[in-house]
Amino acid sequence: MKLVFLGPPGAGKGTIAAEAKKVYGIPHISTGDLFRANIKNGTELGKRVQAILAAGDLVPDEVTIAMVEDRLEEDDAKAGFILDGFPRTIAQADALAGMTQLDRVVNFVLDKEAIVRRLSGRRVCKSTGRTYHILYNPPKVEGIDDETGEPLIQRDDDKEEAIRNRLEVYEASTAPLIDYYRTKGLLVDIDASKSPEEVLKSMVEALS
Ligand code: AP5
């Protein structure tokens, strides 16, 4: 199964992908996670994109496309994948069409108020990327990762100004992909406002 997860920041793409990858036995490829891993490891790419991510702007298409092309060539992605956060522009979607043929594009639909609530309450474990929410999915001990015991942090781009910018960038550059994929007959809309278990269930049903 070759899937793209589309939707505004904070819609729950990463949360659902972490479970869906087990359902389908395919890797979860998140461009945001790949960039953050490069930043954490201090690579040249990481240095180049750090300020872009913190501000909530988009990394240039050619950099992102090259990174995804390399990742899709790895063995584990041959039989299928969940692409989370890519494509985010029409140019990226056109490039992806030249790399592979998608089965479906899942569009996670969530209103703006819920998006802001989810993003502002998100906390992550920096070393593993595990994601929590202070209200909806709290850790067992406040501020501490359940498995590693490390302190949880707030992503730089989950601060108020960056959230506002990410929503504007989403509307301007990424939302047009909804029509792009609907026209191709690939789009499946999923109501992302329910619990993660319900969202996953309705997606699996819609894809079957
Ligand atoms: P990326 O990491 O992809 O950020 P995003 O798309 O903004 O998505 P998020 O990770 O913020 O949200 P999500 O939908 O995965 O939600 P989550 O599951 O965490 O990208 C970061 C940056 O990298 C970009 O801004 C850009 O700079 C760069 N970048 C990445 N891809 C790029 C590309 N293709 N081109 C150019 N630049 C690119 O959930 C959010 C919160 O809600 C969590 O706290 C979670 O616990 C909670 N939650 C989730 N689901 C539910 C639910 N059903 N009910 C209640 N709470 C829930």
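Predicted model, so just to flag it, every value in this text is computed and none were measured. Residues: numbered from 1 along the sequence shown. For ligands, and for the atoms within them, numbers begin at 1 and follow the listed sequence.
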For [X], which part has a heavy atom under 4.0 Å from ligand 1: side chain, backbone, both, or neither?
X    : answer
T64  : side chain
T131 : side chain
P87  : neither

Suppose I only count heavy atoms of [X] and a 4.0 Å limit; which atoms of ligand 1 are within that range?
X    : value
G85  : 31 (N), 32 (C), 33 (C), 34 (N)
Y132 : 43 (C), 44 (O), 46 (O)
L119 : 11 (O)
Y136 : 55 (C), 56 (N)
G14  : 13 (P), 15 (O), 18 (O)
T31  : 30 (C), 31 (N), 32 (C), 34 (N)

- NZ/K201: more than 12 non-hydrogen atoms of other groups inside 6.0 Å: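 For K201, atom NZ is not crowded (no more than 12 foreign heavy atoms under 6.0 Å).
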Looking at ligand 1, would [X] count as a contact under a 4.0 Å heavy-atom criterion?
X    : answer
R123 : no
A11  : yes
S30  : no
D33  : no

- If every non-hydrogen atom of N137 is compared with every non-hydrogen atom of T131, which pair is closest and at what distance?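 Closest approach of N137 to T131, heavy atoms only: ND2-O, 3.4 Å.
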- Item | Test item: T100 and F81 side chains (from C-beta on) under 4.5 Å apart, heavy atoms |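 Answer yes - side chains close enough.
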- Item | Min side-chain heavy-atom separation L207-L3 under 4.5 Å |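 Touching, per the 4.5 Å side-chain cut-off.
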Of the listed options [options], closest to [atom] (non-hydrogen atoms):
atom                    : options              : answer
atom 1 (P) of ligand 1  : R166, H133, R88      : R88
atom 14 (O) of ligand 1 : K13, Q50, R117       : K13
atom 47 (C) of ligand 1 : R118, R122, R36, M67 : R118
atom 38 (C) of ligand 1 : F35, F5, F108        : F35

- Task: Quick one: list whatever passes salt bridge (charged side-chain N to carboxylate O under 4.0 Å, His left out) with R182, sequence neighbours left out.
- Result: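 If we apply the salt bridge (charged side-chain N to carboxylate O under 4.0 Å, His left out) test to R182, skipping adjacent residues, the hits are D189.
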If hydrophobic clusters are built from ILVMFWY residues whose side chains come within less than 4.5 Å, do [X] and [Y] share one?
X    : Y    : answer
I29  : I26  : no
Y181 : L83  : yes
V188 : V199 : yes

Indicate yes or no for a side-chain donor-acceptor contact from [X] to the backbone of [Y] under 3.5 Å, with no hydrogens or angles considered.
X    : Y    : value
Q92  : R88  : yes
S193 : L110 : no
T148 : D145 : no

Nearest protein heavy atom with distance in Å, relative to [atom]:
atom                    : value
atom 37 (N) of ligand 1 : V59 N, 3.1 Å
atom 22 (C) of ligand 1 : L53 CG, 3.7 Å
atom 26 (C) of ligand 1 : D57 O, 3.3 Å
atom 35 (N) of ligand 1 : Q92 NE2, 2.9 Å
atom 12 (O) of ligand 1 : G10 N, 2.9 Å
atom 16 (O) of ligand 1 : G12 N, 3.2 Å
atom 53 (N) of ligand 1 : K194 O, 2.8 Å

- Message: Can you tell me how far apart CZ (F86) and CG (D61) are? Round to the nearest 0.5 Å.
- Response: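 These two atoms lie 8.0 Å from each other.
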Would you call [X] and [Y] a salt bridge, taking side-chain N to carboxylate O under 4.0 Å as the test?
X    : Y    : result
D111 : R117 : no
K47  : E44  : yes
D103 : K2   : no

- Item | ligand 1 to T15 polar contact by distance, N or O atoms, under 3.5 Å |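 Indeed, backbone or side chain, T15 has an N or O that close.
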- Item | Min N/O separation D157 to ligand 1 under 3.5 Å |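 No - when backbone and side-chain N and O of D157 are compared with those of ligand 1, no distance drops under 3.5 Å.
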